[in-house]
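Beneath this line is the structure, given in C-alpha cells, with notes to follow.
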Amino acid sequence: MASYVKRTIRLNPSQARSLSGIADRRGLSEYAMLLKVIDAGFLSVLHGTDKETDLAELAREIGTISERLAEAERVLDRTLFTACAAYAYARHAALGTKKSDETIAAEARAAFERQCSLALEIEP
C-alpha cells in the first residue's frame, strides 16, 4: 500500500475559481480535480514539456497534414476527371455517335465540373 505525504497549498482567488469551474464541468470534487492538476503538472515538469516547443511541433505537424491533404485532393480530382472522361468516351462508343475527341473531352470536363459542384452541396 502506498503511503501519502500531506501537503498544504494556497491558491489565489483566480486559481481557486478556475479549479472549481473545471471540477464542476468534469463532475469531480475540487479535491479530486486538484490531484489531477498536480499529476498533470508533475508529468509536464518530468517530461520537459515546453509550450513553445509544443506549439512549434504542432505547427510542423499541421503543415505536414496540410501538404498531404492537398496531395490527396489533387489525386481525387484527377481520379474524378479520369472517371468522367472514361464515362464520356464509353457513352459515345456505346451510342455509336461520331463526335470529335475535342467534343467528347469538353463533355468530360463539363461532367467533371458538375460532379465537383455536386460534391460541394450540403446534403439535408
Inset, instruction - Would you give the length of the straight line joining atom SG of Cys84 to atom CD of Glu113, rounded to the nearest 0.5 angstrom? - result: 9.5 Å
Legend entry - Reported CG-to-CD1 distance for the pair Leu43 and Ile38, which is rounded to 0.5 angstrom: 12.0 Å
Inset, instruction - Could you tell me whether a side-chain N or O of Thr82 sits under 3.5 Å from a main-chain N or O of Arg78, the two making a donor and an acceptor? - result: yes
Taking only distance into account, with no hydrogens and no angle test, what donor-acceptor pairs under 3.5 Å do side-chain atoms of residues 4-11 form with protein atoms, sequence neighbours excluded?
none

Legend entry - Value rounded to 0.5 Å, distance of CG in Leu19 from CG in Leu28: 10.0 Å
Counting only pairs under 3.5 Å, give me each side-chain donor-acceptor contact of residues 96-104, with atom names and distances, residues two or more places apart or in other chains.
residue : atom : partner : partner atom : Å
Thr97   : OG1  : His92   : ND1          : 2.8
Lys99   : NZ   : Glu107  : OE2          : 3.2
Ser100  : OG   : Glu102  : OE1          : 3.4
Ser100  : OG   : Thr103  : N            : 3.2
Ser100  : OG   : Thr103  : OG1          : 2.9

Inset, instruction - Please name the pair of heavy atoms, one in Ser29 and one in Ala23, separated by the smallest distance, quoted to 0.1 Å. - result: O-CB, 3.8 Å
Legend entry - Nearest-0.5 Å distance that lies between atom CD in Gln115 and atom CG in Asp77: 12.0 Å
Legend entry - Spacing of Met33 atom CE and Ser18 atom OG [to the nearest 0.5 Å]: 11.0 Å
Inset, instruction - Start with the C-alpha distance between Glu73 and Leu76, add both sets of side-chain angles, then the distance that settles side-chain contact (heavy atoms from CB on, under 4.5 Å), and finish with yes or no. - result: CA-CA 5 Å; Glu73 286 175 345; Leu76 287 172; 5.7 Å; no
Legend entry - Set of residues satisfying salt bridge (Lys or Arg N to Asp or Glu O under 4.0 Å) with respect to Lys36, sequence neighbours excluded: none
Inset, instruction - Give a yes or no answer on whether the side chain of Ser20 reaches the backbone of Ala16 with a donor-acceptor pair at less than 3.5 Å. - result: no
Inset, instruction - Without swapping roles, check the side chain of Gln15 against the backbone of Asn12 for a donor-acceptor pair under 3.5 Å. - result: yes
Inset, instruction - Mind checking the CG-CG spacing from Leu34 to Asp39? Nearest 0.5 Å is all I need. - result: 9.5 Å
Legend entry - Test item: Phe81 and Arg109 side chains (from C-beta on) under 4.5 Å apart, heavy atoms: yes
